[in-house]
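My questions will all concern the structure given below.
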Amino acid sequence: MHNFPNARSVAAEHLVLEQLGKSFGAVDVIPSLSLAVRKGEMVAFLGPSGCGKTTTLRMIAGLISPTRGRITVGGRDITHLPSHERDMGLVFQSYALFPHMTVLRNVAFGLEMRNVPKPEVRARALRALEVVQLSHLADRKPRDLSGGQQQRVALARALVIEPSILLLDEPLSNLDAKLRDEMRVQIRALQQASGITAVFVTHDQVEALSMCDRIVVMKEGHIEQFGTPTEIYEHPASPFVSSFVGRTNRLRGTSDSRGVITVAGQQIRAATAEAQGPVEIMMRPHRMRLAPAATDRNVPDATPVQGQNSLRGVLERLTFIGDLVQYHIRVGDAEVMVEEATRRDQGAPCAGTPVDLTWQASDTLVFPAAAS
Amino acid sequence: MSAAAETRRRPLRAGEVAVLLLLPIALINAVGFILPVLNLARYSLNRARIGGGIEQVFTWENWTGIFRDRFYLDIVINSVGVSLGITIATLILSYPIALYLHRSHGRWRTFLTVLVISPLLTSAVVRTYGWIALLSDNGPVVGTIRSLGLPAPRLMFNINGVFIGLTEILMPYMILALLAGFGRLDPKVEEAARTLGASPTRTFWRVILPLTLPGIALGCLLCFVLAVSSFITPKLMGGGRVFLLATEIYDQAIVTLNWPLASTLSILVLVIFGAALWAYSAVLRRLD
Ligand SMILES: Nc1ncnc2c1ncn2[C@@H]1O[C@H](COP(=O)(O)OP(=O)(O)OP(=O)(O)O)[C@@H](O)[C@H]1O
Ligand SMILES: [Mg+2]
């Protein structure tokens, strides 16, 4: 595999989807999708099951034809190009290895289809197997491999042809947790080493956040947000993104003209408060702190410390999950979760006691309340 | 509690269950297949009396006779050749249908499957007469060819008719056997080939065909065996001018009343089937 040292600095748009749409009969699965992926970057398609990730990927790969719109790669319109002329490497969720061929023949297949001379085919296929550390299994049939090994063969098979774009459809979802972690690192390293443009479909937010340069959050066939992992996590564009990416607390309240939000009879502030009227506020559990209720504070009328929010509630239960403790606190009729790292000397508050929640006003996200 | 009651309550072992379950079919096979075949083998080593009847002497003359007589040798070669030809024709005509059926879904698939199986609900005699009507010298097929100004071929009462009729009659069996063997053909694997740069043609030769070879082998075995042993269609459509093993056995057993010779030819058919089965398992072994 070649190295493209400039691939990152050249932020040229490589794969572009223009108002791409797909209907199956009367069902409009993808209404209209526009997106530009830069050369050498790895973009995640993240979204719940059935939101159209696979459908979009299959349109890019040319396995189904779009109902509307255009797909270009490096400025060239490939919307109507048949799949086998597209030069894309696709890794299927089910791997889809050729069961009648050995591992080596599987990897060699794409090169043979490109009429690469025989000795070179063998050399390159073997090298690709080396990269995924499977040279010793070259003569096995796919059914004699473990899931993780099959997955790596599928990856080698897609990468050996040095495609212009690598497409991965939930490649890790059939692996166990430990192997998944290893493969994540390996796929990302391979992608960066070859400087290949990659689209990674997943419904696992950790995968998307940890592996990809940018994330497309999809919902019901449209893009909710397209941005870097930090942008997506810190500045979610909608309550959907906020609750889909990472854990989040959702509370309902009312915002007045001064930007003061009333939640369960208590007042808090947000960094920005464009919205007025009924709002939905969101906070990340690990950005909040918990303290035994201060008796000297008169809750409803207290003036908040500058830049600091505080809510009083009752600790309902706590869950110990190893390196974290999750506190579930009832505030009005809502439940708020706070996560804290476990400490050995911790004097944990008991369930049923009143507690104060505190967090930075800048960590408060405000969205206009949904109509429902 | 007595020891006898104790043993009676002991659950059956897997081997014992298997023996019990296999016993009925083993008995039926022994009485309905093995015994008659042994009987045939015995007749084939006896001597025929002129005008029927069997002389109970041990002789190899039936066997030496059929291998010396050019007539019987030709019948064997002809039967095997024609059956192979019919098998290949059936395969070529059935394969696309089976592939299409394999890929269709839902009600459409059910409908098509019923359509494929429906000829089996009609007797081969009726279907053969249908073909006779279509292919005879004043039938629509020959008529159409003639009206195009082409030289009209003889399609009836010769090997052509037998070939066409048997091919059509065997197609449902071939399609069902192919479908049964298409299990390994995953559409995702075809898509993988396409994304790796294989054109539809190359995908077919490199992926689809190899993956469907088990089905092809099964279908060919089935159709070959059915073609060699088919009797009604060659009899009716051959018009007495086509000599194949099945028709010859019938003639020897019923017309000439030479049971020893009929038995010898029957055993020969069994040997041919054995060879076909061996070839089939050899192919399957090669595939895996
Ligand atoms: N061939 C098809 N015919 C009809 N509907 C389809 C077809 N393929 C997909 N769909 C529908 O399109 C929607 C999107 O499907 P898609 O497979 O793209 O979802 P996905 O985001 O990949 O989900 P998952 O995470 O479960 O894989 C689904 O509602 C699905 O039922
Ligand atoms: Mg999917």
Side-chain angles (χ1 to χ4, degrees), chain A residues 24-25 54 57-64 81-102 105-116 121 125 128 141-144 150 153-169, chain B residues 91 95 98-100 102-111 177-221 279-288:
Chain A
F24 290 110
T54 300
L57 202 74
R58 287 168 62 80
M59 285 194 281
I60 298 173
L63 294 173
I64 50 176
L81 204 63
S83 180
H84 61 282
E85 292 171 17
R86 285 201 181 189
D87 192 28
M88 298 198 181
L90 178 53
V91 178
F92 291 81
Q93 183 173 356
S94 55
Y95 315 141
L97 297 177
F98 305 123
H100 58 300
M101 297 182 196
T102 62
R105 298 296 308 278
N106 261 282
V107 177
F109 187 85
L111 296 173
E112 286 168 7
M113 291 305 119
R114 280 162 175 70
N115 300 317
V116 174
V121 166
K141 288 280 180 69
R143 60 151 189 263
D144 299 326
Q150 289 186 32
V153 176
L155 192 63
R157 185 178 69 172
L159 281 172
V160 75
I161 57 175
E162 294 173 11
S164 63
I165 293 170
L166 179 66
L167 306 170
L168 305 124
D169 192 357
Chain B
L91 174 66
Y95 193 89
L99 201 57
Y100 184 79
H102 178 73
R103 288 175 180 175
S104 52
H105 301 282
R107 280 177 192 210
W108 182 231
R109 186 191 177 124
T110 315
F111 174 73
L178 286 176
L179 274 178
F182 278 6
R184 286 212 297 175
L185 191 63
D186 176 0
K188 288 267 178 306
V189 169
E190 291 174 49
E191 288 176 357
R194 301 296 306 281
T195 58
L196 288 167
S199 64
T201 324
R202 289 179 104 176
T203 306
F204 178 80
W205 290 110
R206 294 290 306 272
V207 175
I208 299 177
L209 193 65
L211 285 178
T212 52
L213 276 181
I216 292 174
L218 179 63
C220 286
L221 173 71
Y280 169 72
S281 46
V283 167
L284 279 199
R285 259 199 312 279
R286 275 285 304 280
L287 289 182
D288 243 277

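Below, read A as the first sequence line, B as the second, and so on, with proteins coming before strands; counting in each chain starts at 1.
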| query | Can you check whether Gln93(A) reaches Lys188(B) side chain to side chain, under 4.5 Å on heavy atoms? | reply |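 Side-chain contact under 4.5 Å: no.
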| request: Measure distances from Ser83(A) to the heavy atoms of chain B and classify the residue's part below 4.5 Å as side chain, backbone, both or neither. | output: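 Contact with chain B: backbone and side chain both.
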| Test item: Thr195(B) and Met88(A) side chains (from C-beta on) under 4.5 Å apart, heavy atoms | no
| query | Do you know the tightest heavy-atom contact between His100(A) and Arg206(B)? | reply | NE2-O, 3.0 Å
| field | Min side-chain heavy-atom separation Glu191(B)-Phe92(A) under 4.5 Å | value |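 They are in side-chain contact.
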| message | If I compare all heavy atoms of Ala96(A) with all of Ala192(B), which pair ends up nearest, and what's the gap? | response | O-CB, 3.7 Å
| field | Part of Arg58(A) within contact of chain B (heavy atom distance under 4.5 Å) | value | side chain
| message | What's the separation between atom CZ in Arg86(A) and atom CZ in Arg194(B), rounded to the nearest 0.5 Å? | response | 10.5 Å
| request: Using a 4.5 Å cut-off on heavy atoms from C-beta on, say whether the side chain of His84(A) contacts that of Arg202(B). | output: no
| Toward chain B, the part of Asn115(A) with a non-hydrogen atom under 4.5 Å |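 Just its side chain gets close to chain B.
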| query | So which of Pro187(B), Ser199(B), Pro210(B) has the biggest tally of heavy-atom pairs under 4.5 Å with chain A? | reply | Ser199(B)
| note | Shortest non-hydrogen pair, Met113(A) vs Leu196(B), comes out as CB-O, 3.8 Å
| request: Counting only heavy atoms closer than 4.5 Å, note whether Leu167(A) contacts chain B via side chain, backbone, both or neither. | output: neither
